[in-house]
Amino acid sequence: MPELPEVEIASRNLSAWTAGRVIVAARTPDLARFEGDASDLAGRRVNSWRRVGKYLVAELEGGLAVLSHLGMTGQWIADAPPERAHQRVVLVLEGAGPQTVSLIDPRRFGWTWILRSADVASHPRLVDLGPDPLSGDLDLEGFQSAIGQGKTALKSRLMNQRVIAGLGNIAISEIGWRARVHPHRACESIGPEEWARLWSATREHLEYVLEVEDGEEIEYQSSAGAKNPFVCYGREGEPCSRCPTLLDRLTLAGRVTFYCPTCQEEAP
DNA sequence: TAGTATGTTGGCGC
DNA sequence: AGCGCCAACATACT
């Protein structure tokens, strides 16, 4: 599930659960997609967690860091019961507060790395990431210049983590619909007002999802009984909430995008 | 059973 | 060089 907002929530939760506390032991019930030596974590105090695009970074005392990516289905939760399925990494903590935090990842697309803090910024997964749309640094001008003016489809640029870091397949549908810009549009054809709408839509989408998904355990849309919180994603065949048109779907780069054929015209 | 899934990498052809 | 497309990774759910 995780796109930028879910990873941001995970970062805040992990910080609240573990900052200032000592890791007694680290267990890796499933070593898939884990690099480094888990035993290096024992005895280290957690200084902080932060988010970089869709990555989580924990800084530990002594210049060690944990880098974590949630893949498609990963989430960190506190005090997972031992019988909880799909636990891939478990950090056991000392003192008051949750006794463990666990990476739960049914589909096992997530990754965890143990590395030196000094090597985080140059890690191959992080070194080429584009600007983060939630960082205070990025504004409309920076957003537009990051995406650029080529012939490439808007969706491709927004999905490319080297262009802008953190947006995912859901965000692309939501941003396009909110901004009333078709995902197939060549970036060079997008006008100033549309750029302004795209940037506002990006911020509004991210802030909206941060609000609705805030909590200790993120609910996947695919899980039984989960309500679709999105304005457009997953709503093929439902009426657009701005006009009577039924929302449609298209595939680009192997991923489905939902859109309104009336509000989001294919040609400028 | 087949189809689908919120991510990323790497190969191929253009 | 950069893109579109595809397959791969591994699993759960409908």
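Proteins come first, then strands; the chains are lettered A, B, ... in the order of their sequence lines, and each starts at number 1.
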Over all strands shown, is [X] touching base, sugar-phosphate only, or nothing at heavy-atom distances under 4.0 angstrom?
X: A:Arg255; value: base
X: A:Arg33; value: base
X: A:Lys151; value: nothing
X: A:Gly254; value: nothing

Using whole Å, report how far [atom1] of [X] lies from [atom2] of [N].
X: A:Lys54; N: B:dT9; atom1: NZ; atom2: P; value: 10 Å
X: A:Arg108; N: C:dA12; atom1: CZ; atom2: P; value: 9 Å
X: A:Asp105; N: C:dA10; atom1: CG; atom2: P; value: 12 Å
X: A:Leu129; N: B:dT9; atom1: CG; atom2: P; value: 9 Å
X: A:Gln87; N: C:dT11; atom1: CD; atom2: P; value: 16 Å
X: A:Trp111; N: B:dT8; atom1: CH2; atom2: P; value: 13 Å
X: A:Gln161; N: C:dC3; atom1: CD; atom2: C1'; value: 16 Å
X: A:Leu158; N: B:dT8; atom1: CG; atom2: C1'; value: 17 Å

Closest to the [X] side chain: [options]?
X: A:Thr152; options: B:dG7, C:dG4, B:dT8; value: C:dG4
X: A:Leu252; options: C:dG4, B:dG7, C:dC3; value: C:dG4
X: A:Glu3; options: B:dA5, C:dC3, B:dG7; value: B:dG7
X: A:Arg157; options: B:dA5, B:dT8, C:dC3; value: C:dC3

Exercise for the section: May I ask whether A:Phe109 stacks on the base of B:dG7, given the cut-offs of 5.5 Å between ring centres and 30° between planes? Expected result: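 A:Phe109 ring centre within cut-off of B:dG7 base, planes near parallel; stacks.
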
Practice task
Classify the side chain of A:Arg107 versus the base of C:dA10 as yes if they form a donor-acceptor pair under 3.5 Å and no if they do not.
Solution key: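 Check passes, donor-acceptor contact within cut-off.
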
Practice task
Just do the side chain to side chain contact (heavy atoms under 4.5 Å, CB included) check on A:Gln99 and A:Asp79 with the steps written out, would you?
Solution key: CA-CA 6 Å; A:Gln99 292 306 288; A:Asp79 283 328; 3.7 Å; yes

If only side-chain N and O atoms of [X] are considered, is one of them under 4.0 Å from the OP1 or OP2 phosphate oxygen of [N]?
X: A:Arg162; N: C:dG2; result: no
X: A:Ser156; N: C:dC3; result: no
X: A:His86; N: C:dA10; result: no

Practice task
Please indicate whether A:Arg84 has more than 12 foreign heavy atoms, meaning atoms of other residues, nucleotides or ligands, lying under 6.0 Å from its CZ.
Solution key: yes

Exercise for the section: Might you confirm whether atom CZ of A:Arg116 has over 12 heavy atoms from other residues, nucleotides or ligands at distances under 6.0 Å? Expected result: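 No - once you tally the heavy atoms of other residues, nucleotides and ligands closer than 6.0 Å, there are 12 at most.
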
Problem - Interatomic distance at P, C:dC6 relative to B:dG3, whole Å - result: 15 Å

Exercise for the section: Would you mind pulling out the nucleotide paired to C:dA12, Watson-Crick or G-U wobble, both distances under 3.5 Å? Expected result: B:dT4

Practice task
In plain terms, say whether A:Asp214 and A:Arg12 are close enough for a salt bridge, that is, a side-chain N and a carboxylate O under 4.0 Å apart.
Solution key: no

Exercise for the section: Kindly indicate whether the side chain of A:Arg51, heavy atoms from C-beta on, has any atom under 4.5 Å from the side chain of A:Leu4. Expected result: yes

Practice task
Flag this pair as yes if the NZ/CZ of A:Arg203 is under 6.0 angstrom from the six-membered ring centre of A:Phe143 and inside a 45 degree cone about the axis; otherwise no.
Solution key: no

